[in-house]
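For ligands, and for the atoms within them, numbers begin at 1 and follow the listed sequence.
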Amino acid sequence: MAVFKPENVEDFFEIGEVLGSGHFGQVRQVRERATGTCWAGKFLKIRKIACSRLGVDRSSVEREVEILQTLRHPNIVTLKDVFESRAEVVLILELVSGAELFDFIAEKDNLLESEAIEFMKQILEGLGFMHSKNIAHFDLKPENIMLSDKVSPNPNIKLIDFGLAHCFHQGEEYRSSSGTPQYIAPEVINSEPLSTASDMWSIGVITYILLSGLSPFQGETDEDTLKNVIAMKYEFFERYFSTTSSMAKDFILKLLVKNPKDRMTAEECLLHPWIKPITRKQVANRNRSSINMKNFKKFNARRKWKMSFNMVLMCNRLVQLKLLYKGRSDPDPLQVRPLYSTQIRAHSHLAFVPCPSTIH
Ligand code: ATP
């Protein structure tokens, strides 16, 4: 069992700027008073009443902490400590100071497949390590793939956000309906028993986007997206994949497979010729092929815009709740689960986000 320290986190850490926000709280830079070292503090509001929609279950936080404690790998964020007060738990995490991988790539003028593969390799190594411990992430998406730092020309991948991760025990059947429609595997939507193979589907989607700037199953609404996933409705449009190697397409084809048992594992991916070429011809193919940077930049701009839109929506909702709860002694409105839950069923009301014409 993970130890949650009952001490006040502020006695040990100075709380600094906000680094990001999630469903149940904020992530802030914190500075260790004793050493001056900077970390990331993930502040999670804990649900006080079992049936309440406010905050996160303590048991979910315990699960996230136990999983993070199991995972020590250069491509996975490290957990240092956990503090607990009456209303919140604070995870002290390794500070990941680089950008999201997609933002880093979108800054470039062009990128060869061979360069993109160096990042893919690290993602697969982190994932392979998790899977070897029977742990699945279940929320792989561009927002959760970050880079270690801003300064080095070749920063390392760091996988973050283990809030939906699950450790499989022998003979256990696990189902979940959580995730993000664009990246979710068909077995999640169909409420079938899950395995680490669901992460491999998400890797297929992420690779497809990385190469083309197109999201394979994205529909007008979340419902449409989920329908497209179930129908396996995707193809490699020549217009978007004209600079993509056939090996890269083969890599994706072996991941976007309906039956989870037929998908490549992370280990198998690392041996696929697109990642680990054997012949000279394969090496040359990777160096000749590049990602569709023009469209990738457009995709990333739209993605960031949607994230900001969702954040505004969430803030508006908090303001409304504050007004609603004004004068009442019960729930603290700031602990209310924000509007955009990752539960796929609750996603639909956010479905169509109009983007400004400038980034169309
Ligand atoms: P979600 O609602 O997406 O499930 P969450 O509540 O589980 O999110 P995280 O995804 O872990 O929270 O963190 C939210 C954001 O905070 C991230 O998108 C990232 O920008 C930032 N962040 C998280 N962990 C770190 C870290 N270790 N170092 C730097 N920034 C971080």
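Classification of E94 and K158 as a salt-bridged pair holds, one side-chain N sitting under 4.0 Å from a carboxylate O. Ion pairing of K233 with D224 is absent here, as no side-chain N (NZ or NE/NH1/NH2) approaches a carboxylate O to less than 4.0 Å. A salt bridge between E268 and K254 is absent, with no side-chain N of the basic residue lying under 4.0 Å from a carboxylate O of the acidic one.
Close approach to A40 involves these atoms of ligand 1, each under 4.0 Å from a residue heavy atom: 26 (C), 27 (N), 28 (N). Of all atoms in ligand 1, listed by their number and element, those nearer than 4.0 Å to a heavy atom of I160 are 17 (C), 19 (C), 23 (C). Below 4.0 Å from some heavy atom of V77 lie the following atoms of ligand 1, by number and element: 27 (N).
Applying side-chain contact (heavy atoms from CB on, under 4.5 Å) to F4 and the options D81, V89, L91, V90 leaves one that passes, V89.
Considering backbone and side-chain N/O atoms, E94 comes within less than 3.5 Å of an N/O atom of ligand 1. The shortest N or O to N or O distance between S21 and ligand 1 is not below 3.5 Å.
Of the heavy atoms in D161, both backbone and side-chain atoms come closer than 4.0 Å to ligand 1. Only the side chain of K42 comes within 4.0 Å of ligand 1, judged by heavy-atom distances.
Aromatic ring orientation, Y174 versus H166: parallel (interplanar angle below 30°, classes split at 30° and 60°).
Summarising the geometry of I76 relative to G126, their closest heavy-atom pair is CD1-O, 3.5 Å, with the distance given to 0.1 Å.
Look at G163 and you'll find every heavy atom at least 4.0 Å from all atoms of ligand 1.
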